[in-house]
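Heads up: numbering here begins at 1 and tracks the sequence.
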Amino acid sequence: MCVYIGERRKMRKDCRRVSKMKGRISKIGSYAISSSIRDQQQHQQPCITCTTFNILAPIYKRLNHEDPSCRESDYRAYWLARNRSILDSLIYERSSIICLQEFWVGNEELVNLYEKRLGDAGYVNFKLGRTNNRGDGLLTAVRKDHFKVLNYREFLFNDFGDRVAQLLHVEIAAPFSQCRTNDIRQEILIVNTHLLFPHDSSLCIVRLHQVYKILQYVESYQKENDLNPMPIILCGDWNGSKRGHVYKFLRSQGFVSSYDTAHQYADADAQKWVSHRNHRGNICGVDFIWLLNPNRYRKLLKTSWSEAVFAMFKYLLRRASLTENDAFAFLKADNHGDYINYSGFCEALRQLNLIGHCNGLSVEESKELWDQADKDGNGVVDLTEFQQGIWNSSGSEQREEISHEARGIQEQTIGFSIKNAVLFPPEVEKGMWPEDYSLSDHARLTVVFSPIRMPCSQSLS
């Protein structure tokens with residue numbers, strides 16, 4: 001029988017730590033409450049808050065690292081006490097939006113505990129298990145006094161690591177509606193997800209694929225329902241850092257990392273904070289609350305996707321120590337002409353492990369990438385096209401808001417300014433992981449948003 005003597009002692013210590021740190025825990029909640037009171041007195045729009053937290057499903061939490069089969073799920077007292085502490089902190093903070101990952105949907109007692117406690121605290125809850133009965137999933141909860149839920153959708157990645165995503169379409173309600181005008185509805189799209197962990201290099205393209213599919217789904221939902229531009233909040237465990245291709249892809253679509261924006265960190269500041277200690281013992285920042293305001297410039301989604309894949313393509317070639325000329329020769333393969341043909345292009349994708357396996361690009365996607373590179377459509381890619389379309393792809397560049405006067409945009413909508421953001425435990429904000437923290441292997445991130453009026457932009461066409 002597996003026994004971990006220090007686990008109960010560590011849990012009690014962690015509970016005392018959480019209790020002692022309640023002032024810190026509630027910093028965001030207190031900030032939002034005080035800001036709301038002040039803003040109401042000044043006839044301004046109050047704040048709303050959003051929390052994302054991977055709560056580490058008991059079926060994954062190891063109690064004895066020397067025995068990987070020893071999991072918390074086998075010890076009811078352990079997982080029950082830990083999840084009660086998690087709920088205590090969430091309810092104490094009272095965020096407007098709560099997005100949880102690794103929620104143990106396979107345990108009825110735990111599901112009932114969360115539904116009861118959050119329901120009694122004034123939340124409406126939506127849960128979604130991963131496909132193929134993986135046991136864990138997502139839980140998204142929104143405060144009924146802050147939002148009216150207009151629609152709820154589920155997105156299942158049956159062919160992408162059994163991952164799932166939730167989409168909530170909500171309208172801001174009382175006590176925020178006193179600032180509402182007849183011409184503008186204050187609506188938000190909220191997405192909660194948990195991307196695949198990159199266990200090996202072949203899965204990097206899968207994570208990029210997953211976020212692309214999510215954005216496609218959100219875009220389709222907006223078009224199907226003829227929605228006006230509105231803020232989009234993406235929450236979750238992205239299993240990738242600020243150095244990764246997913247981060248750069250989202251930035252190319254106009255999204256900003258709320259925590260980095262609040263603390264004025266640049267995209268290059270990848271070591272300023274962490275939010276996760278993974279099963280390999282590495283600490284990294286992988287939990288994000290992304291914000292896309294309706295006044296942000298956006299490239300066509302397919303263009304951003306192609307540029308992101310080519311950026312990964314270039315990264316893999318550089319990792320193999322290939323220069324620009326070497327890379328062109330690599331794609332030419334045995335071709336005697338000074339150009340790349342489609343078969344050579346596909347062979348390069350295969351050698352870089354981007355196609356040829358169940359997690360790789362489809363034939364259709366490979367053809368779309370080729371069409372993007374073959375700019376003149378003559379069936380081959382010469383050196384200039386290679387330089388412009390592949391090697392110097394600009395997918396990681398971020399454009400700022402464009403002048404709406406210059407584009408002739410007159411429509412007004414509601415967006416968000418980011419007023420504050422806090423990670424708990426506080427040590428992670430300094431890039432350290434506290435050994436006495438056991439609520440999860442992830443930190444909890446909470447962001448304060450203030451609704452503001454702004455002009456709406458459009459996608460690049």
Side-chain angles (χ1 to χ4, degrees), residues 26 28-53 90-100 114-128 138-154 166-192 218 221-222 225-235 258 289-295 411-421 446-454 456:
S26 62
I28 282 292
S30 299
Y31 180 91
I33 293 170
S34 62
S35 296
S36 295
I37 295 172
R38 182 178 66 251
D39 290 344
Q40 285 176 353
Q41 291 172 345
Q42 297 174 357
H43 304 288
Q44 296 177 3
Q45 188 77 329
C47 299
I48 67 170
T49 51
C50 180
T51 293
T52 187
F53 192 17
L90 291 172
I91 292 171
Y92 190 87
E93 192 172 76
R94 289 188 60 77
S95 283
S96 309
I97 305 163
I98 297 174
C99 294
L100 305 181
Y114 274 80
E115 290 184 342
K116 176 73 165 59
R117 292 284 305 276
L118 291 173
D120 289 346
Y123 289 88
V124 56
N125 310 309
F126 302 87
K127 68 178 185 298
L128 174 62
L138 307 172
L139 178 100
T140 302
V142 295
R143 285 178 57 174
K144 291 183 284 189
D145 58 340
H146 286 191
F147 301 107
K148 174 185 177 182
V149 178
L150 303 178
N151 207 345
Y152 168 70
R153 296 286 182 88
E154 298 175 348
Q166 295 173 297
L167 171 66
L168 266 71
H169 180 192
V170 301
E171 182 178 4
I172 298 178
F176 308 101
S177 58
Q178 74 272 12
C179 299
R180 176 176 172 174
T181 58
N182 292 329
D183 60 325
I184 301 178
R185 293 183 64 183
Q186 301 169 344
E187 299 177 26
I188 316 168
L189 293 179
I190 304 165
V191 177
N192 182 17
V218 172
Y221 177 80
Q222 291 175 291
N225 293 277
D226 195 24
L227 299 181
N228 292 323
M230 65 184 66
I232 301 173
I233 297 175
L234 303 182
C235 299
S258 298
I289 296 177
W290 292 95
L291 171 66
L292 176 66
N293 265 324
N295 69 334
E411 296 86 355
Q412 292 284 310
T413 187
I414 293 296
F416 286 120
S417 65
I418 300 166
K419 303 195 74 169
N420 203 356
T446 300
V447 176
V448 179
F449 296 107
S450 179
I452 56 173
R453 184 187 290 260
M454 60 176 55
C456 51

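- Counting heavy atoms from C-beta outward, Leu189 and Met230 have side chains that approach closer than 4.5 Å.
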Ile91/Arg117 under side-chain contact (heavy atoms from CB on, under 4.5 Å): CA gap, chis, key distance, verdict:
CA-CA 8 Å; Ile91 292 171; Arg117 292 284 305 276; 3.6 Å; yes
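- Considering all non-hydrogen atoms of both residues, Tyr221 and His169 come closest at OH-ND1, 2.9 Å.
- Side-chain contact between Leu128 and Thr140 is absent, with no heavy atoms from C-beta onward closer than 4.5 Å.
- Atom-to-atom distance recorded for Leu139:CG and Asn192:CG is 8.0 Å, nearest 0.5 angstrom.
- The backbone N or O of Ala121 sits less than 3.5 Å from a side-chain atom of Arg94, completing a donor-acceptor pair.
- Counting all heavy atoms, side chain and backbone alike, Pro229 lies closest to Thr413 at O-OG1, 3.0 Å.
- The side chain to side chain contact (heavy atoms under 4.5 Å, CB included) test with Cys99 is passed by exactly one of Thr51, Leu138, Ile190, Val142: Ile190.
- Taking the side chain as every heavy atom from C-beta outward, Val191 and Gln166 never approach each other to under 4.5 Å.
- Taking 4.5 Å as the limit, some side-chain heavy atom of Met454 sits within range of a side-chain heavy atom of Pro294.
- For the pair Val448 and Ile418, the minimum side-chain heavy-atom distance is 4.5 Å or more.
- Ile188 contributes atom CD1, which lies 10.0 Å from atom CD of Glu171 (distance to the nearest 0.5 angstrom).
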Yes or no on side-chain contact (heavy atoms from CB on, under 4.5 Å) for Ile289 and Ile233, after CA distance, side-chain angles and deciding distance?
CA-CA 7 Å; Ile289 296 177; Ile233 297 175; 3.7 Å; yes
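- Side chains of Ile98 and Leu118 form a contact here, defined as non-hydrogen atoms less than 4.5 Å apart.
- Atom CD1 of Ile48 sits about 12.0 Å away from atom NZ of Lys419, to the nearest 0.5 Å.
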With side-chain contact (heavy atoms from CB on, under 4.5 Å) as the test, would you mind laying out the steps for Tyr114 and Leu100 before giving the verdict?
CA-CA 11 Å; Tyr114 274 80; Leu100 305 181; 3.8 Å; yes
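- The OG atom of Ser258 sits 3.5 Å away from the CZ atom of Phe449 when rounded to the nearest 0.5 Å.
- Distance check, rounded to the nearest 0.5 Å: CD1 of Ile172 to CD1 of Ile414 gives 7.5 Å.
- Two residues are said to be in side-chain contact when any heavy atoms from C-beta on lie closer than 4.5 Å; Cys50 and Ser96 fail this criterion.
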Start with the C-alpha distance between Val447 and Asn420, add both sets of side-chain angles, then the distance that settles side-chain contact (heavy atoms from CB on, under 4.5 Å), and finish with yes or no.
CA-CA 6 Å; Val447 176; Asn420 203 356; over 6 Å; no
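- Nearest approach of Leu291 to Phe416, heavy atoms of both residues: CD2-O, 3.9 Å.
- Annotation: side chain of Cys47 is not in contact with side chain of Thr49 (no heavy-atom distance under 4.5 Å).
- Atom CH2 of Trp290 sits about 13.5 Å away from atom CD1 of Ile232, to the nearest 0.5 Å.
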